[in-house]
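Basis for what follows: all heavy atoms, side chains included, without hydrogens, waters or symmetry-related copies.
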Amino acid sequence: MFEIMGLRCEYQQNPIGIGVTRPRISWRLQSDERAVSQSAYEIEIAAEAGFAAVIWRSGRVESEQSAHVELGSFVAESCKRYYYRVRAWNHKGEESAWSETAFWEMGLLSPEEWAGEWITAPLELLPAAAEPSPMLRKSFELTGTVKAARLYATALGLYELELNGQRVGDSYFTPGWTSYNHTLQTQTYDVTGLLESGGNAIGAYLGNGWYKGDLTWNDRRCLYGDRLALLLQIRIVYEDGREELIVTDERWKAAVSEIQLSEIYHGETYDARLEREGWSTAAYDDSTEDWHFAETLRHGKHMLKPQMNEPVRKQERLKPIALLTTPKGETVLDFGQNMVGWVQFSVQGEAGREVTLLHAEVLDHEGNFYTENLRAAKQTIKYVLKGGERETYEPRFTFQGFRYVQIIGFPGQLELDDFTGVVLHSDMEETGKFQCSEPLVNQLQHNIKWGLKGNFLDVPTDCPQRDERLGWTGDAQMFIQTASYLSNVAPFFTKWLRDVEADQAEDGGVPFVVPHVLGENDMSSAAWGDAAVICPWTIYVCYGDKRILEEQYESMKAWVSYIRSQGENEFLWNTGFHFGDWLGLDAKSGDYVGATDRDFIATAFYAYSVSLLQKTAAVLDKSADAAEYLELYDKIVSAWREEFVTASGRLAVPTQTAQVLALMFGLLDETAEKRAIAKLSELLEQNKFHLTTGFVGTPYLNHVLSSFGQNEAAYKLLLQQTYPSWLYPVTKGATTIWEHWDGIKEDGSFWSRDMNSFNHYAYGAIGEWMYRTVAGIQTVETAPGYKQIVIAPQPGEGLAWAEGSLETMYGTVSSKWSKSEDGGFTLDVTIPPNTAAEIRLPGAAAGAMVTESGAAASGAAGITAVTDTAAGVSVKAGSGSYRFAWQILSSRGLYAAVSAE
């Protein structure tokens, strides 16, 4: 069997409304044989699914490439749908059948193609003392049999559409959050099946969202504009070939909706008595006095771009696990999981009754409802009943971060089945799975994954509950590698990185948060602004996506130029503001910044970013730039050593984070390396194997230990249960990652009132080490995107087994190891077709015989080489599933013969 499966265009299966005019195609090979690779491929593109008229053909291309394949000179046109298929030849020259047909469809590519106008509700409709959401509608007639219809839409603010009484699409918080002055995303919907012969009606709700509503902790509003507006057009193609456009213009009608308030931070107030039944159907009468003609709004269209990433969608539904009565008498639902989204509920009662839902992450030490850590964010849902029949409601334009919900004003006996927690986040494909023999570590992994779910709602936010929820650049770069194991985050970060570039200052400085909403006080900081370089490089390594380097290259260069221009010495960054080792536990009393010198950190990250930029230039064949940045890197390292390393090789900054960064970024010579790892070990032992690192040092700590012969210390840190440690919050019942190691202290009190998020993914960066080192799943920079795979688990004391799997662009990679009580060790590995792997057998003695079914494994199918290395035995293998087993002979870690089955 040799088949082509899993066709994708720009990471997506059959996407509608993309904006990439030179899209890339990816596919997977499937075979029941080992060591299968591709030798050639052919792609065909047609205007119809039957391929009667092929409009582009690659011809046979001799290549192993099956990910991000560019289509030569082919350029896609606006609004068109393209069908494509692939066939391939394997390493034996055998030809596959054509794949199943897939398609992609383009969005509106040019601002000039938008025939409609921005429309908004007249100001006299909207009360000055309140901010109800406006609604807009238009009726129209069809004049024939519809062949196809597409709806293109965007808004200033958030929008939700209905067509003939049916919700349009399954996306939420559209058009998403971008740097609106530079980019405003547009969405495309196939509405063919929603149209009716004769009369039709289209309607829209608008919400403040990020565009007009409250943002940041400084009570800032209307950061992008003070009028909500809609831009929409429906393109109808009739069976007889005629086309018709329905567009937004002054003939639309506007009214005040039943949504009396909608704010990202504060929640939603909904008065069901004001509902207009059938308002988005053709039969509805909008000639009443509460409907006014819409106004057109002068606003540009130059920033319009088709959707770049996956939209936010409903992902899961959780039922509450308990109904609590607190010591204060509060009635509280416990959903058992700190989640992000909203509560859908059903209620029946008299007209005019108001019911209220308040949302919180935790209860206080007495078991009472606790919201002080939300600061100014109200996270409140109010619903006024229309009365009569049972009513069901869920919000539209707000989201909450919560586990607990206080319910107020509900009539009668409360039933848990009347409440459902709806989880929403960007619709990223889940790619990684990890588990091991220690339940607490499994819960930690669960918490890391839910940290991603809660904070990847269109932008990578720091937290999802308080009056912040901003795209902090530092948090994003610290977590992106872990995120790339958990989910396919390439489209998500592609979109966000375009905003990073858009919001960069003219001098190359990168704001603390993107989109940039903090104003003049938002400067550039080391380790935060470095996201401009670290994030695109990470996406390239994890997905083999060269185009993101091409698109972000000027932004990456600008950031390095910005650093280079700071201060008098272009090789040291010792000026300006820096967050330093944020929340490091070795900070002075009352200080948020750890003890590691800020200029030490700044110059270390400067060197790191330049090293990645140099590699990027080499990948992009920019040899002159690569040579320049290599020279710059050498000079930065030399200046850094002169500044921070003594003549005898000791680091001048004696903190855990200092040793970690110096070792991780390769800034030391051999002598200094030995001293740094010895110092780090000493510091850990002095602290009884507890970390003191903050945001900057923590992501790299265990990587450094495992890379420099201290793997057992890394495991001790992982498995440490007392404060401060990754497992301490787990022992306190955490279901997500906390902002502070002791967000809840041993006595049940809280770290602080004003900065104590219980869903803050940064410290979840340990997840990368769990996949990379415990499970042992890695790729290599020279063959990125897991084209070349390394399986190199490093087992440690405290775990009897561990396993991980990852869905890559080529298929599933998996690694599972286990230790038996009699000293046996087993490693199961799966390598997908069209890739190859180096499998490093942990601790196997040099010279060990690797066999399969009694014969030398080097001659077995799929295994191309078995070699001894300084670390033991290395097996080179092609695709397929393998089992290796060996026996521990002594406490020194020597193993007997290795067999592969």
Quiz question: by atom type and distance under 3.5 Å, do the side chains of [X] and [Y] form a donor-acceptor pair?
X: S179; Y: D499; result: no
X: Q400; Y: Q379; result: no
X: R242; Y: T143; result: yes
X: Q465; Y: S757; result: yes
X: S78; Y: E113; result: yes

Verify the ring-centre separation between F493 and F456: is it less than 6.0 angstrom?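 Aromatic pair counts; centres sit under 6.0 Å.
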W342 pairs by side chain to side chain donor-acceptor pair (under 3.5 Å) with which of H359, E394, E268?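 It is E394; the other options fail the test.
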Stacked cation flag [X] on [Y], 6.0 angstrom / 45 deg:
X: R396; Y: Y159; value: no
X: R276; Y: Y205; value: no
X: K378; Y: Y265; value: no

Could you work out, with side-chain hydrogen bond (donor to acceptor under 3.5 Å, both in side chains) as the rule, every residue matching E250, not counting sequence neighbours? none
Chi angles and distances behind the side-chain hydrogen bond (donor to acceptor under 3.5 Å, both in side chains) call for E361, N338: CA-CA 6 Å; E361 295 186 289; N338 196 3; 3.0 Å; yes
Verdict with reasoning, Y189 to Y152, per ring-ring contact (aromatic ring centres under 6.0 Å, His included): CA-CA 7 Å; Y189 306 94; Y152 306 95; 9.1 Å; no
Show every salt bridge (Lys or Arg N to Asp or Glu O under 4.0 Å) that has at least one partner inside residues 222-238, sequence neighbours left out.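 The answer is R227-E295, R235-E243.
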Minimum heavy-atom separation for R150 to T192, with atom names? NH1-OG1, 3.6 Å
Can you name the closest pair of heavy atoms from T281 and A201 and give their distance? C-CB, 3.3 Å
Verdict with reasoning, Y404 to F369, per ring-ring contact (aromatic ring centres under 6.0 Å, His included): CA-CA 8 Å; Y404 299 96; F369 197 70; 7.6 Å; no
